[in-house]
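Scroll down for the structure; my scribbles are underneath it.
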Amino acid sequence: QVQLVESGGGLVQAGDSLRLSCAASGRTFSSYYMGWFRQTPGKEREFVAAINWSGHSTYYADSVKGRFTISRTNAKNTVYLQMNSLKPEDTAVHYCAADESFGRLRRGVSNYWGQGTQVTVSS
């Protein structure tokens with residue numbers, strides 16, 4: 001069983017920054033794709049960013065490209081999401097995800113999910 005625990009969410013003003021962390025335990029994560037999704041009540045879960053096992057390939061939703069950066073430290077089984085220039089529309093519960101398949105991860109059907117951390121951006 002793989003456990004994913006997010007942290008770092010909070011309340012910030014538009015234009016500010018936050019850094020989310022996802023700590024993994026239970027298995028090695030070195031060969032897993034990992035990523036971030038976000039969800040607002042009443043809406044579908046939305047892909048935000050993903051990263052491959054080496055950390056050299058990253059993928060971003062158009063809505064966050066240029067503002068967010070995903071990174072990974074395999075030795076510490078941790079993935080990060082640096083969020084800059086935050087906007088009110090970024091407000092959502094953010095979930096960490098992991099899967100051996102990039103396709104499943106990208107489609108939002110990962111085998112492993114964290115519990116979520118709330119990000120709220122005020123105008």
Side-chain angles (χ1 to χ4, degrees):
Q1 182 68 35
V2 175
Q3 301 286 333
L4 303 175
V5 180
E6 304 96 332
S7 62
L11 172 63
V12 298
Q13 293 182 312
D16 285 350
S17 299
L18 277 176
R19 188 194 191 198
L20 305 184
S21 298
C22 176
S25 62
R27 290 186 188 176
T28 179
F29 275 49
S30 60
S31 64
Y32 279 63
Y33 295 92
M34 298 185 71
W36 292 91
F37 287 74
R38 63 190 185 186
Q39 187 170 30
T40 300
K43 299 181 180 179
E44 293 184 359
R45 191 167 294 184
E46 176 189 16
F47 171 77
V48 177
I51 190 167
N52 76 340
W53 54 87
S54 71
H56 295 310
S57 297
T58 56
Y59 313 85
Y60 297 96
D62 289 341
S63 60
V64 306
K65 195 173 298 181
R67 298 189 298 123
F68 292 8
T69 302
I70 189 170
S71 60
R72 181 174 187 167
T73 303
N74 287 337
K76 297 182 178 180
N77 295 328
T78 304
V79 65
Y80 304 95
L81 185 68
Q82 178 66 44
M83 304 183 293
N84 298 328
S85 301
L86 283 163
K87 305 174 181 179
E89 51 261 46
D90 296 319
T91 296
V93 178
H94 285 66
Y95 296 91
C96 179
D99 204 293
E100 295 172 306
S101 165
F102 174 77
R104 283 201 298 270
L105 178 69
R106 180 63 180 84
R107 293 192 302 271
V109 291
S110 298
N111 284 325
Y112 304 102
W113 294 91
Q115 84 291 341
T117 185
Q118 177 70 47
V119 172
T120 302
V121 184
S122 63
S123 60

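All residue numbers in this chain count up from 1 along the given sequence.
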Flag side-chain contact, heavy atom, 4.5 Å: [X] against [Y]:
{"X": "I51", "Y": "V79", "value": "yes"}
{"X": "E100", "Y": "N111", "value": "no"}
{"X": "S17", "Y": "M83", "value": "no"}
{"X": "L18", "Y": "V119", "value": "yes"}

**Message:** Applying the ring-ring contact (aromatic ring centres under 6.0 Å, His included) criterion to F47, which one of Y95, F68, W36, F37 satisfies it?
**Reply:**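 Among the candidates, only F37 passes.
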
**Message:** side chain to side chain contact (heavy atoms under 4.5 Å, CB included), that's the test. Do L20 and T117 meet it? Break it down for me.
**Reply:** CA-CA 8 Å; L20 305 184; T117 185; 4.0 Å; yes

**Message:** For K65, give me all partners under salt bridge (Lys or Arg N to Asp or Glu O under 4.0 Å), at least two apart in sequence or on another chain.
**Reply:**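 In terms of salt bridge (Lys or Arg N to Asp or Glu O under 4.0 Å), with neighbours along the sequence ignored, K65 is linked to D62.
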
**Request:** Just jot down the salt bridge (Lys or Arg N to Asp or Glu O under 4.0 Å) partners of R19, sequence neighbours excluded, or say none.
**Result:**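 R19: no salt bridge (Lys or Arg N to Asp or Glu O under 4.0 Å) contacts found.
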
**Request:** Mark yes when over 12 heavy atoms from residues, nucleotides or ligands other than E89 sit less than 6.0 Å from its CD; otherwise mark no.
**Result:**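 Yes, enclosed.
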
**Asked** Which value, rounded to the nearest 0.5 Å, describes the distance between L81 atom CG and C96 atom SG?
**Response**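 These two atoms lie 9.5 Å from each other.
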
**Asked** What residues, two or more places apart in sequence or in another chain, satisfy side-chain contact (heavy atoms from CB on, under 4.5 Å) together with S71?
**Response** Y80

**Prompt:** Got a sec, which residues hit side-chain contact (heavy atoms from CB on, under 4.5 Å) with S57, two or more places apart in sequence or on another chain?
**Reply:** N52, Y59

**Prompt:** Passes side chain to side chain contact (heavy atoms under 4.5 Å, CB included), V64 versus R38? Steps please.
**Reply:** CA-CA 12 Å; V64 306; R38 63 190 185 186; 4.0 Å; yes

Enumerate donor-acceptor pairs with a distance under 3.5 Å from any side-chain N or O in residues 8-15 to protein atoms, sequence neighbours excluded.
none

**Message:** Please check this pair: side chain of T91 against backbone of V121, looking for a donor-acceptor N/O pair closer than 3.5 Å.
**Reply:** yes

Throw together a table of side-chain donor-acceptor distances under 3.5 angstrom for residues 102-110, partners on residues two or more places apart or in other chains.
from, atom 1, to, atom 2, distance (Å)
R104, NE, D99, OD1, 3.1
R104, NE, D99, OD2, 3.1
R104, NH2, D99, OD1, 2.6
R107, NH1, G103, O, 3.3

**Message:** Can you tell me which residue among Q115, H94, Q118 is in a side-chain hydrogen bond (donor to acceptor under 3.5 Å, both in side chains) with E6?
**Reply:**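 Among Q115, H94, Q118, the one meeting side-chain hydrogen bond (donor to acceptor under 3.5 Å, both in side chains) with E6 is Q115.
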
**Request:** Take N84 and Q82, measure what side chain to side chain contact (heavy atoms under 4.5 Å, CB included) needs, and give me the verdict at the end.
**Result:** CA-CA 6 Å; N84 298 328; Q82 178 66 44; 3.0 Å; yes

**Prompt:** Looking only at side chains, do Q39 and E46 share a donor and an acceptor under 3.5 Å apart?
**Reply:**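 Side chains of Q39 and E46: no pair found under 3.5 Å.
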
**Request:** Give the C-alpha distance, both sets of side-chain angles, the deciding distance and a yes or no for ring-ring contact (aromatic ring centres under 6.0 Å, His included) between W53 and Y32.
**Result:** CA-CA 5 Å; W53 54 87; Y32 279 63; over 10 Å; no

